[in-house]
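A short worksheet on the structure shown next.
Because the structure is a prediction, the values reported are computed rather than measured. Any value given below was found using the heavy atoms of this structure, including those in side chains, with hydrogens, waters and symmetry copies removed.
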Amino acid sequence: MEWCPGAGAGRLVGAPALLAAGLLVHAAPVVTSLTGLRRRAFPALSGVGDPAGIALTFDDGPDRRSTPAFLRLLTELDVRATFFLLGRMLNRDPGLGREIVARGHEVAVHGWDHRCLLWRSPRSVYGDIARARDRIADATGAVPRWYRPPYGLLTAGALVTCRRLGLQPRLWTAWGRDWEAGGSATSVQRTVFRTLGAGGTVLLHDSDCASAPESWRATLRAVPGVVEWARERNLHVGPLHRHQHPRAG
C-alpha cells in the first residue's frame, strides 16, 4: 500500500466541510420562519386555507391558570379553535386537555418542551415530538394531525419526524406578538390585523409559560375583537382541520 502525501490533510479539511454541510441541511427549513416569504412560497405550511374563513390557534397550553378562561370565552363566542399543546404542560393537568376536546376544540402538537429545535439533534427532536404526540393522544383520546415547532423554527429533523409520525407542520399567517411584556388587547389586535386576511391562520397564546408573566390576559381581551373582525367580513372562525379541509366542517 502506497502512502499518499496530503491524504490526512485532505481528510482534516473535508471533515469541517461535511460538518458545515450537515448543519446547513439541518437548519435550511428555518427560512420558513420568514412570514412573508413563507406565505408566498409555502402557503399550506403557513396555514393558508379556506378563503371563506380564518383559523384560530393557541400555543403553549394547557395551563390551569389561563386556559379555562379561554375555553369559557370561546364557548360564549361560539367559536372552536386549535390548541397546540406542550407535553409537559399537559402532563401536569391531563384533565384540562380532555376538557379542551370535550368542548369541541382540536388539539395539536407543540412538542414536549418549549425548546428551540436548532440546537437539538434529530434523535432528540424525534423523541420530543413523539413523546408529546403520544401523551396528547393518550390523555385526550384525540390523535393530533398538526405540529408547530417552538418559535416557529423548523429543522430537517422535525420535518422527517413529522413524516414518520403522520403529522403535518403548520405555522401561521398572522400573530399578535402577545408573548411580549406590556401588551394590550389593542396592540395584539393591531398586530394580528396587520397581516391577517381571508384564508389566514392566527397564532395566539393561551399560556404565559414561555411568555412574559400575565401576558395571556391581553390575549384573552383581544380574542373577541379578532372574531368580530372576521365576522364583519363574513368569514367563519374555526380550527385548522376545518380551515385546511373545509368539507370536514
Side-chain angles (χ1 to χ4, degrees), residues 15-35 37-39 41-48 55 57-63 67 82-94 97 100 106-173 175 179 201 203-211 239-241 244:
L18 288 173
L19 177 60
L23 291 174
L24 181 62
V25 171
H26 168 70
V30 169
V31 300
T32 61
S33 64
L34 303 173
T35 307
L37 171 65
R38 182 176 71 242
R39 282 201 305 267
F42 307 100
L45 176 63
S46 293
V48 175
T57 70
F58 296 93
D59 285 8
D60 293 357
D63 191 328
T67 303
T82 298
F83 287 79
F84 283 86
L85 307 182
L86 288 170
R88 68 176 179 84
M89 296 294 288
L90 178 64
N91 218 34
R92 297 175 182 176
D93 198 339
I100 291 173
E106 183 178 37
V107 288
V109 181
H110 199 35
W112 187 267
D113 293 306
H114 200 282
R115 292 173 53 193
C116 180
L117 302 186
L118 277 175
W119 321 122
R120 307 187 72 172
S121 69
R123 176 177 293 182
S124 174
V125 167
Y126 179 86
D128 179 276
I129 298 174
R131 184 184 182 192
R133 183 206 61 172
D134 292 348
R135 186 66 181 110
I136 291 169
D138 178 65
T140 69
V143 178
R145 71 173 76 182
W146 314 108
Y147 170 70
R148 178 178 289 159
Y151 309 105
L153 298 177
L154 281 167
T155 63
L159 292 176
V160 171
T161 295
C162 284
R163 182 176 292 274
R164 291 179 61 186
L165 296 178
L167 295 169
Q168 300 178 54
R170 283 297 180 272
L171 300 180
W172 59 86
T173 64
W175 61 12
W179 61 87
T201 290
L203 160 65
L204 295 171
H205 296 79
D206 63 303
S207 169
D208 62 6
C209 72
S211 307
L240 270 173
H241 80 267
Q244 300 278 233

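The two residues Leu203 and Thr57 make their nearest non-hydrogen contact at CA-OG1, 3.7 Å. Looking at every heavy atom in both residues, Leu240 comes nearest to Ala55 through CD2-CB, 3.9 Å. The two residues Arg148 and Trp172 come nearest to each other via the heavy atoms NE-CE3, 3.8 Å. Across all their heavy atoms, Pro144 and Ala137 have their closest contact at CD-CB, 4.2 Å. For the pair Ser211 and Trp179, the tightest heavy-atom approach, listed with the atom from each and the gap, is OG-CB, 3.2 Å. Between Ile136 and Leu90, the closest heavy-atom pair is CA-CD2, 3.5 Å.
Using a 4.5 Å cut-off on side-chain heavy atoms (C-beta onward), Leu153 and Leu117 make no contact. Contact annotation: the side chain of Leu45 approaches that of Leu154 to within less than 4.5 Å [non-hydrogen atoms, C-beta and beyond]. In this structure, the side chains of Thr155 and Leu118 come closer than 4.5 Å at one or more pairs of heavy atoms. Residues Tyr126 and Leu165 form a side-chain contact, since some pair of their non-hydrogen atoms from C-beta on lies under 4.5 Å apart. Using a 4.5 Å heavy-atom cutoff, the side chains of Arg120 and Asp128 are in contact. Side-chain atoms of Thr140 and Ile100, non-hydrogen and from C-beta on, never get closer than 4.5 Å to each other. A 4.5 Å side-chain heavy-atom check between His114 and Cys209 finds every atom pair outside the cut-off.
Under the 3.5 Å distance criterion, the side-chain polar atoms of Arg170 are matched with a main-chain donor or acceptor of Ala44.
Rounding to the nearest 0.5 angstrom, the gap separating the OH atom in Tyr147 from the CD atom in Gln168 is 14.5 Å.
By the side chain to side chain donor-acceptor pair (under 3.5 Å) test, Asp208 pairs with Arg65, sequence neighbours left out.
Tested against Asp63 for a side chain to side chain contact (heavy atoms under 4.5 Å, CB included), the candidates Arg92, Met89, His205 yield a single pass: Met89.
Remark: the Gln244 side chain and the Trp146 side chain contain no N/O donor-acceptor pair separated by less than 3.5 Å.
Ring-plane geometry between Phe84 and His110 is classed as perpendicular, the angle between the planes exceeding 60 degrees on a 0 to 90 degree scale with a lower cut at 30.
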